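Quick caveat, the model's predicted, so the values are computed rather than measured.
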Amino acid sequence: MTDSPLIYIVAGEASGDALGARLIRALREETGGKVRIAGIGGSEMQAEGLSSLFPMQELSVMGIVEILPHLRRILGRMRDAADDVAAKRPDAVVTIDSPGFARGFVKRIENRDIPRIHYVAPTVWAWRPKRVYKFKAAFNHLLALLPFEPPYFEAVSLPCTFVGHSVLECGADKGHGVVFRRHHAIAPDTKLISVLAGSRSGEVKWHLDVFGDAVRLLRQRYNDLSIVLPTLPHLKELVEDRARSWGVPFVVTTDVTDKYDAMAASDAAIAVSGTVSLELALARVPTVIAYRFNPVSHWIVRKLVKIDHASIVNILRVRNGEPPIIPERLQDQCKADILAADLDRLLSGDGNDQLAAAADTLNSLRPGDEMPSICAARTILQIIGQSGPQSS
């Protein structure tokens, strides 16, 4: 083992990019900076020094039917990444989420002696439980975000470590709402709604129109309503084009710090299901979760999915015998009048109960006293034979 191990990290979407960036920082901390990073990632991982093999956005496709037109390109990128691993000969390969691409990619790595670690255990507890065997064949170790996940994989002798959810480190609880409102000339008593339509162009196109219709309905009750739309740089133009037709004052922001300031400034939010729901809970923003996608994909998924909720907060509460607390409007329920009514209730006071319940649930995502990314970094270093941390 070299004094400066090379870790090959692959993320395929925005939430994985954020996890990867925190992991890179933690690996540096645990090795005293003596670590090299290669792989595939987005703007956050690149800000930590990664030179991405190709743009991460090429992998950001979600849905069973939606992925078909992109399948040839994605398969080609799997081969490209495997060839890059062969050339660089890293000490470990860490894939983050995007389970379809991750498993296809590592299967193409010819050197089976390289430790293959998957960060974000697949949700076999929610659908397709037999995937545990496919992941056992592809990976040496899994890093789980949720405390109840390891037994599903340990049952088939696939090591799995609960490292916690590093969204707890994202800074969403440290936003400056007053500063955001002052900077954008939004009065303190103006009702401000965060609208988060997803990290993929397909998600944005599917959701922004119905979200816009909900905003128009809400405007009939709140004349002083304003909107903030946090998004990614490559989606900014698309989001602005859709929001211009809403007839409501809006701000589009692409900076991570601005996103958390916007959340802190907001009275309520509507967001697609995903990691952003945890960010909003950390920021103490009452939220409605919504999602819809291709009807054929939805029909297939409903045949396979074994759970009734999409929000991590609701999933954890139900598993603990508690009622769900966050409104979820999925597919046929994702309609403007329903979403507007949900937001109205949150603005009228129901949001306070949601925030109190969500705060208790978030605590279960912590792995003891360690920060999640530090726990993940230490686990990876232990697997490759470098126990860390470095003492000074």
Check against ring pair (Phe, Tyr, Trp, His ring centres under 6.0 Å), His207 and Tyr291: CA-CA 7 Å; His207 294 98; Tyr291 207 90; 4.8 Å; yes
Measure from the side-chain N and O atoms of [X] to the backbone N and O of [Y], and report whether any donor-acceptor pair falls under 3.5 Å.
{"X": "Ser266", "Y": "Ala262", "answer": "yes"}
{"X": "Arg317", "Y": "Pro323", "answer": "yes"}
{"X": "Arg292", "Y": "Lys335", "answer": "no"}
{"X": "Lys107", "Y": "Ala138", "answer": "no"}
{"X": "Asp17", "Y": "Met45", "answer": "yes"}
{"X": "Arg22", "Y": "Ser166", "answer": "yes"}
{"X": "Ser52", "Y": "Gly41", "answer": "yes"}
{"X": "Gln333", "Y": "Glu328", "answer": "no"}
{"X": "Thr379", "Y": "Cys375", "answer": "yes"}
{"X": "Arg128", "Y": "Trp125", "answer": "no"}

What's the separation between atom [atom1] in [X] and atom [atom2] in [Y], rounded to the nearest 0.5 Å?
{"X": "Arg112", "Y": "Asn140", "atom1": "CZ", "atom2": "CG", "answer": "8.0 Å"}
{"X": "Arg200", "Y": "Leu232", "atom1": "CZ", "atom2": "CG", "answer": "10.5 Å"}
{"X": "Leu346", "Y": "Ile270", "atom1": "CG", "atom2": "CD1", "answer": "10.0 Å"}
{"X": "Glu30", "Y": "Leu23", "atom1": "CD", "atom2": "CG", "answer": "10.5 Å"}
{"X": "Ile380", "Y": "Leu143", "atom1": "CD1", "atom2": "CG", "answer": "5.5 Å"}
{"X": "Leu19", "Y": "Thr275", "atom1": "CG", "atom2": "OG1", "answer": "6.5 Å"}

Would you say that [X] contacts [Y] through its side chain, given a criterion of any heavy-atom pair below 4.5 Å between the two side chains?
{"X": "Ser277", "Y": "Val313", "result": "no"}
{"X": "Cys334", "Y": "Val210", "result": "yes"}
{"X": "Val248", "Y": "Arg216", "result": "no"}
{"X": "Pro90", "Y": "Ile7", "result": "no"}
{"X": "Leu347", "Y": "Lys191", "result": "yes"}
{"X": "Pro99", "Y": "Phe135", "result": "yes"}
{"X": "Val132", "Y": "Leu158", "result": "no"}
{"X": "Ile114", "Y": "Val85", "result": "yes"}

Residue list, salt bridge (Lys or Arg N to Asp or Glu O under 4.0 Å) with Arg244, at least two apart or on another chain: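 Salt bridge (Lys or Arg N to Asp or Glu O under 4.0 Å) list for Arg244, sorted by chain: Glu240, Asp241.
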Which heavy-atom pair separates [X] from [Y] by the least distance, and what is that distance?
{"X": "Val167", "Y": "Leu282", "answer": "O-CD1, 3.2 Å"}
{"X": "Val204", "Y": "Gly198", "answer": "CG2-O, 3.8 Å"}
{"X": "Leu142", "Y": "Ala121", "answer": "CD1-CB, 4.4 Å"}
{"X": "His176", "Y": "Asp261", "answer": "N-OD1, 2.7 Å"}
{"X": "Glu149", "Y": "Pro122", "answer": "OE2-O, 4.5 Å"}
{"X": "Glu279", "Y": "Cys170", "answer": "CG-SG, 4.1 Å"}

Establish whether [X] and [Y] are linked, either directly or via other cluster members, by ILVMFWY side-chain heavy-atom contacts under 4.5 Å.
{"X": "Ile374", "Y": "Val94", "value": "no"}
{"X": "Ile289", "Y": "Leu146", "value": "yes"}
{"X": "Val215", "Y": "Val276", "value": "no"}
{"X": "Val179", "Y": "Val252", "value": "no"}
{"X": "Val228", "Y": "Leu208", "value": "no"}

Could you go step by step and tell me if Thr231 and Thr253 meet the side chain to side chain contact (heavy atoms under 4.5 Å, CB included) rule? CA-CA 6 Å; Thr231 189; Thr253 179; over 6 Å; no
Among Phe153, Phe139, Phe105, Phe101, find the one that has a ring pair (Phe, Tyr, Trp, His ring centres under 6.0 Å) with His118.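 That would be Phe139.
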Test of understanding: with side chain to side chain donor-acceptor pair (under 3.5 Å), list the residues that count as partners of Ser373, not counting sequence neighbours.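 Side chain to side chain donor-acceptor pair (under 3.5 Å) list for Ser373, sorted by chain: Glu169.
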For Arg79, give me all partners under side chain to side chain donor-acceptor pair (under 3.5 Å), at least two apart in sequence or on another chain.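 Checked Arg79 against side chain to side chain donor-acceptor pair (under 3.5 Å); zero matches.
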Report, as yes or no, whether the 6.0 Å neighbourhood of atom [atom1] on [X] holds more than 12 heavy atoms from other residues, nucleotides or ligands.
{"X": "Asp369", "atom1": "CG", "result": "no"}
{"X": "Tyr133", "atom1": "OH", "result": "no"}
{"X": "Glu322", "atom1": "CD", "result": "yes"}

Is a salt bridge present between Asp255 and Lys259, judged by a nitrogen-to-oxygen distance below 4.0 Å?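 Lys259 and Asp255: not salt-bridged.
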Salt-bridge contact Asp173-Arg284 (side-chain N to carboxylate O under 4.0 Å):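 Arg284 and Asp173: not salt-bridged.
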Distance-only polar pair, side chains of Asp84 and Tyr8, donor-acceptor under 3.5 Å: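 There is such a pair (donor and acceptor under 3.5 Å, judged by atom type) between the side chains of Asp84 and Tyr8.
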Please step through side chain to side chain contact (heavy atoms under 4.5 Å, CB included) for the pair Leu280 and Leu196, ending with a clear verdict. CA-CA 10 Å; Leu280 289 162; Leu196 300 110; 4.0 Å; yes
Could you go through the side chain to side chain contact (heavy atoms under 4.5 Å, CB included) check for Ile9 and Leu50 one step at a time? CA-CA 9 Å; Ile9 304 176; Leu50 172 72; over 6 Å; no
Run Asp344 and Tyr222 through side chain to side chain donor-acceptor pair (under 3.5 Å) and show every step you take. CA-CA 9 Å; Asp344 187 21; Tyr222 300 95; 2.6 Å; yes
Please walk me through it: do Leu27 and Leu381 pass side chain to side chain contact (heavy atoms under 4.5 Å, CB included)? CA-CA 8 Å; Leu27 285 166; Leu381 292 170; 4.0 Å; yes
Pair Phe180, His184 - check ring pair (Phe, Tyr, Trp, His ring centres under 6.0 Å), show working. CA-CA 6 Å; Phe180 184 87; His184 294 284; 4.4 Å; yes
